[in-house]
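Side-chain atoms are counted along with the backbone in the values below, which use heavy atoms only and exclude waters and symmetry mates.
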Amino acid sequence: MTTAQTPLDVQPTPLALLLLGREADPKSERGVECPGDLPSPSDPDLVERARAAKEKLGDKVFVLGHHYQRDEVIQFADVTGDSFKLARDAAARPEAEYIVFCGVHFMAESADILTGDDQKVVLPDLAAGCSMADMATAEQVAECWDVLTEAGVADVTVPVSYMNSSADIKAFTGRHGGTICTSSNAKKALDWAFEQGEKVLFLPDQHLGRNTAVRDMGMSLDDCVVYNPHKPNGGLTAEQLRAAKMILWRGHCSVHGRFSLESVEDVRARIPGVNVLVHPECKHEVVAAADHVGSTEYIINTLEAAPAGSKWAIGTELNLVRRLANRYADQGKEIVFLDKTVCFCSTMNRIDLPHLVWTLESLAEGNLVNRIEVDKETEAFAKLALERMLALP
């Protein structure tokens, strides 16, 4: 005998709708749909259309291309670089009315913070976010600070936030006497922070914070604790917070976090004499097993200076690795991706040629699209944190 079951009245949660692509979170790095129609990806005239629109705009537009962008996009960049270099390059071009940032959301925010009020920063696809930056929201970080206050350590804790964070997190850092850092100057930022206080709250990438503290500053792994925003009190006791020197936010880069110790061991077995060169966003055991560790610019400069015939396995985003491999192939430099599995930065790759063409053509027609604009209060405190970084020796 069977009985009829009453259908359950289940309503999707906001998070479920967001994951299904049916909703957007305005406070998240994840974007929304772009308005307007994009050119077809198969349009054979895309390159010429991009050139024509860029030429029509002339000095009114300045196109920034992050190192991780596709080649089809990077060819139209006026300058290339990492996120902070590009934001500074934009600030140095006050005559450009439009700053088209071929990167991700937090980078465009930084450019808006550093450029003039009359300049307009545009992101070709608003869905080009950053999973790492998404891992720390303003509400979560405010709650963390309350936990530190209750543990009696907030007064001696200095926040240091990685450049790869939202404007809200940069503003929090500025409000609480902290500074921003890049992967190039993280040690300088931490040295400065420990002159101001006894502890550091490092946001949002745990690996860069841990690697800098342990590898570059001589701390032990026991000096570091990980604050998990999804657990009560971050999953830590007040005693653990009082004992720690580095309070690391539980965040990571989805690309760099995939490299493993097995990846290093495998490439050494496959390519005798290979040099392993990785980004400091990689896990600590990967960094410890590598031959060289450094920022994106460090990786580029190291490979440029490498002798002909040398062999390299690179632990960073695939677009850059492939571009460098092609650049130095005629010098006999063997450059391979550290992992066997291909891995692009999926959000960075949302900036494709159709989006760039649509953006440039819209601007050439006088239609401002996809503007990234940080509110004035957030901008003021975020800029304060950035200025502290610029003042580092």
If only atom types and distance count, is the side chain of Asn326 paired as donor or acceptor with the main-chain N or O of Arg322 below 3.5 Å? yes
Considering non-hydrogen atoms only, spot the tightest contact between Gln119 and Arg93 and give its length. NE2-O, 2.7 Å
Main-chain N/O of Gly235 paired to Asn233 side chain as donor or acceptor, under 3.5 Å: no
Using the rule given for salt bridge (charged side-chain N to carboxylate O under 4.0 Å, His left out), can you reason through Asp45 versus Arg51, listing the C-alpha separation, both sets of side-chain angles and the distance that settles it, and then say yes or no? CA-CA 10 Å; Asp45 300 322; Arg51 285 177 180 156; over 6 Å; no
With the side chain counted from C-beta on, respond yes when Tyr298 and Val293 share a heavy-atom pair under 4.5 Å apart, and no when they do not. no
Nearest 0.5 angstrom please: Cys144 SG to Ile247 CD1, how far? 7.0 Å
Taking 4.0 angstrom as the limit, do Glu198 and Lys245 come out as a salt bridge? no
Evaluation steps, side chain to side chain donor-acceptor pair (under 3.5 Å), between Thr149 and Asp146: CA-CA 5 Å; Thr149 300; Asp146 288 341; 5.0 Å; no
Tell me whether Glu55 at atom CD has more than 12 heavy atoms from other residues, nucleotides or ligands lying less than 6.0 Å away. no
Can you hop from Leu201 to Leu190 via hydrophobic side chains spaced under 4.5 Å? no
Of Ile314, Thr80, Ile300, the residue whose pairing with Leu320 passes side-chain contact (heavy atoms from CB on, under 4.5 Å): Ile300
Evaluate ring-ring contact (aromatic ring centres under 6.0 Å, His included) for Phe337 paired with Phe259, printing each intermediate quantity in order. CA-CA 10 Å; Phe337 192 57; Phe259 298 115; 5.4 Å; yes
Rounded to the nearest 0.5 Å, how far apart are NZ of Lys85 and NE2 of His66? 10.5 Å
Between the CD1 atom in Ile169 and the CE atom in Met135, the distance rounded to the nearest 0.5 Å is 13.5 Å
Rounded to the nearest 0.5 Å, how far apart are CD of Glu150 and CG of Leu241? 10.5 Å
Below 4.0 angstrom, N of the basic side chain to O of the carboxylate: do Asp112 and Lys383 qualify? no
Heavy atoms only: give me the nearest Ile99-Leu64 pair and the separation to one decimal. CG2-CD1, 3.6 Å
Answer yes when Asp155 and Lys199 have at least one side-chain N-carboxylate O distance shorter than 4.0 Å, and no when they do not. no
Closest non-hydrogen atom pair between Val225 and Ala244, with its separation: CG2-CB, 3.6 Å
Please determine whether a side-chain nitrogen of the Lys or Arg among Lys187 and Asp216 lies less than 4.0 Å from a carboxylate oxygen of the Asp or Glu. no
More than 12 heavy atoms of other residues, nucleotides or ligands under 6.0 Å from CZ of Arg175: yes or no? yes
Audit row: Arg371, Glu373, salt bridge (charged side-chain N to carboxylate O under 4.0 Å, His left out) steps and yes/no: CA-CA 6 Å; Arg371 182 177 184 181; Glu373 194 169 13; 3.7 Å; yes
Ion pair Arg242/Glu239, N-O distance below 4.0 Å: yes
Are the side chain of Lys333 and the backbone N or O of Leu303 linked by a donor-acceptor pair below 3.5 Å? yes
Can we say Asp223 and Arg210 salt-bridge, meaning some charged N sits less than 4.0 Å from an Asp/Glu carboxylate O? no
Does any non-hydrogen side-chain atom of Arg268 lie less than 4.5 Å from one of Asp291? yes
CE (Met246) and SG (Cys224) are apart, to the nearest 0.5 Å, by 5.5 Å
Taking the six-membered ring for Trp, are Phe172 and Trp145 parallel (under 30°), tilted (30 to 60°) or perpendicular (over 60°)? perpendicular
Check: Asp205 side chain, Leu208 main-chain N or O, donor-acceptor pair, under 3.5 Å: yes
Taken to the nearest 0.5 Å, the spacing of Tyr98 OH from Ser362 OG works out to 10.5 Å
Please check if the side chain of Gln140 supplies one atom and the backbone of Thr137 the other of a donor-acceptor pair under 3.5 Å. yes
Okay, side chain of Asp82, backbone of Thr296: is any donor-acceptor separation there less than 3.5 Å? no
Measuring centre to centre across the rings, with the benzene-like ring taken for any Trp, is Tyr227 within less than 6.0 Å of Phe202? no
Any link between Val276 and Leu261 through a network of hydrophobic side chains (Ile, Leu, Val, Met, Phe, Trp, Tyr) touching at under 4.5 Å? no
Search all heavy atoms of Trp249 against all heavy atoms of Ala136 and return the closest pair with its distance. NE1-CB, 3.5 Å
Might you point out which heavy atoms bring Arg270 and Leu338 nearest each other, and give the distance in Å? NH2-O, 4.4 Å
Closest heavy-atom contact between Pro39 and Leu46? CB-CD2, 3.5 Å
Between Gln240 (side chain) and Thr237 (backbone), is there a donor-acceptor pair under 3.5 Å? yes
